[in-house]
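Questions regarding the structure given below will be posed in turn.
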Protein chains: 2
Amino acid sequence: MEQLDRFDREIIEIIQRNCQMKAEAMAEEVGLSASAVQRRLKRLREDGIIKGEVAIIDRKSSGHPMVFIVGMEIERDNYDALARFRLWAERQDHVQQVYYVTGQVDLIAIITARDVEHYDDIAAVLMAENPQIRRMHTNVVLRDIKLSLFVPMAK
Amino acid sequence: MEQLDRFDREIIEIIQRNCQMKAEAMAEEVGLSASAVQRRLKRLREDGIIKGEVAIIDRKSSGHPMVFIVGMEIERDNYDALARFRLWAERQDHVQQVYYVTGQVDLIAIITARDVEHYDDIAAVLMAENPQIRRMHTNVVLRDIKLSLFVPMAK
DNA sequence: CCTGAAAAGAACTTTCT
DNA sequence: AGAAAGTTCTTTTCAGG
């Protein structure tokens, strides 16, 4: 797993915006042949630099239009509280993102739900199945302002 | 834009996990022919139910390995503060996600950066260019526990 | 080792039933 | 909707920096 050159970095920025773009179109943008772009994409996938390629869907069409951002406090003396929560969260489709953070709370999660009652059910299950979680502070999302997982490439 | 049937919903769940999966493989999973799956994918894209298809990359390889979750308070008497912040955020590659929320803060943003100094620079520019932002509360992400934009499809 | 170009293979799109 | 023909894209191969 070596250094990424200018071409790799440009390809990574492009594919983070649209991973269905044809190799030939990318080739034109970065100044390589289509074969060279394909070879680099294959290597970036194998090396785990490209971790996955996914569709972003319209939440309103999904039947789970609501989003909640939840701060949680965990028991610090519980050594593997984090690892166990990770295993739990990984299996919950409603739990979109979880971050372990510094600050007032220990964990911040982004959770989708059908409606507020549904979120209340999810929160109850979360507390019941994760006794290491002491408290939850919920923010209701009223509107998405920006939504991506894009990461810029350092020059 | 009509109702989604069982096949559409299954296809949407699959493509949210892996949008490079071949139509034939999806067809086998859902119980349709490859042509039928392709036709449905085309329609889902045209109707905006599939909003985009993007690569998820390893942040550590990007040169912007750090993440900050930022709560912000805005001036409520400023009528179009939200709209103006949206336009600003849309242009900032470091600003990955922004949500307008209820609660202690008005906006929650997820921001990537090279390191803490870089984040400090970004925060300074944010405050300078968005006078409608009154205060920022920053959480440093120590570890990703789960990371996706997956939304489950209601049954 | 990595490129570009051409051949071979695979996938997608269109047409027809 | 499925199947087959037609088209486009990707993968492999090969010659050359």
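Each chain gets a letter, A, B and so on, in the order the sequences are listed, and its residues count up from 1. The model shown is predicted, which means the values in this text are computed figures rather than measured ones.
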Atom CG of B:Asp8 and atom P of D:dA1: how far apart are they, to the nearest Å?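 Those two atoms, CG and P, are 9 Å apart.
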
What integer distance in Å separates B:Glu24:CD from D:dA4:P?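 Between P of D:dA4 and CD of B:Glu24: 13 Å.
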
Taking all atoms of both residues into account, what is the closest heavy-atom pair of B:Arg9 and B:Ala154, and its distance?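 Minimum heavy-atom separation between B:Arg9 and B:Ala154: CD-O, 3.2 Å.
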
Looking only at side-chain atoms of B:Lys42, point me to the closest of D:dA1, C:dT13, C:dT14.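 The closest nucleotide is C:dT14.
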
C:dC1 P sits how many Å from A:Asp5 CG, rounded?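 Computing the A:Asp5:CG to C:dC1:P distance gives 16 Å.
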
Nearest to the side chain of B:Ala36 - D:dT12, D:dG2, C:dA11?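 The answer is D:dG2, which lies nearest to the side chain.
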
Look at A:Arg39 and C:dC1 and indicate whether a side-chain polar atom (N or O) is within less than 4.0 Å of OP1 or OP2.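 False: A:Arg39 side-chain N/O out of range (4.0 Å or more) of C:dC1 OP1/OP2.
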
Rounded distance in Å - CG (A:Leu41) to P (D:dC9):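 Atom-to-atom, A:Leu41 to D:dC9, this comes out as 15 Å.
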
Among C:dC12, C:dT3, D:dT12, find the nucleotide with the atom closest to the side chain of A:Arg40.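 Closest nucleotide among those given: C:dT3.
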
Using atom CD of A:Gln38 as one end and atom C1' of C:dG9 as the other, report the distance to the nearest whole Å.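 For the pair A:Gln38 CD and C:dG9 C1', the rounded distance is 13 Å.
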
Does the side chain of A:Glu53 come under 3.5 Å of the side chain of A:Gln20 through a donor N or O and an acceptor N or O?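 A:Gln20 and A:Glu53 do not have a side-chain donor-acceptor pair below 3.5 Å.
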
Whole angstroms only, please: what is the CE-C1' distance between A:Met26 and D:dT8?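 Value for this atom pair: 16 Å.
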
Quick one: sort the A:His94 and A:His118 rings into parallel, tilted or perpendicular, breaks at 30° and 60°.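 Geometry flag for A:His118 against A:His94: perpendicular rings.
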
Choose from D:dG2, D:dT12, D:dT10 the nucleotide whose nearest atom is closest to any side-chain atom of B:Ser33.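 Among D:dG2, D:dT12, D:dT10, the one nearest the side chain of B:Ser33 is D:dG2.
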
Looking at D:dC9, C:dT13, D:dT11, which one has an atom nearest to any side-chain atom of A:Lys22?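 Within the option list, the nearest is D:dC9.
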
Send over the distance from A:Glu46 CD to D:dT11 P, rounded to a whole Å.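 After rounding, the reported distance stands at 11 Å.
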
Output the single nucleotide from C:dT14, D:dA1, C:dA5 whose closest atom is nearest the side chain of B:Leu32.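 Given the options C:dT14, D:dA1, C:dA5, the side chain of B:Leu32 is closest to D:dA1.
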
Using atom CZ of A:Arg43 as one end and atom P of D:dT10 as the other, report the distance to the nearest whole Å.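 So the CZ-P distance, A:Arg43 to D:dT10, works out to 18 Å.
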
Looking at B:Arg17 and A:Asp93, is any side-chain nitrogen of the basic one under 4.0 Å from a carboxylate oxygen of the acidic one?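 Result for this pair is yes, salt bridge flagged.
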
Salt bridge check: are B:Asp8 and B:Arg40 linked by an N-O gap of less than 4.0 Å?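 Looking at B:Asp8 and B:Arg40, the cut-off is met.
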
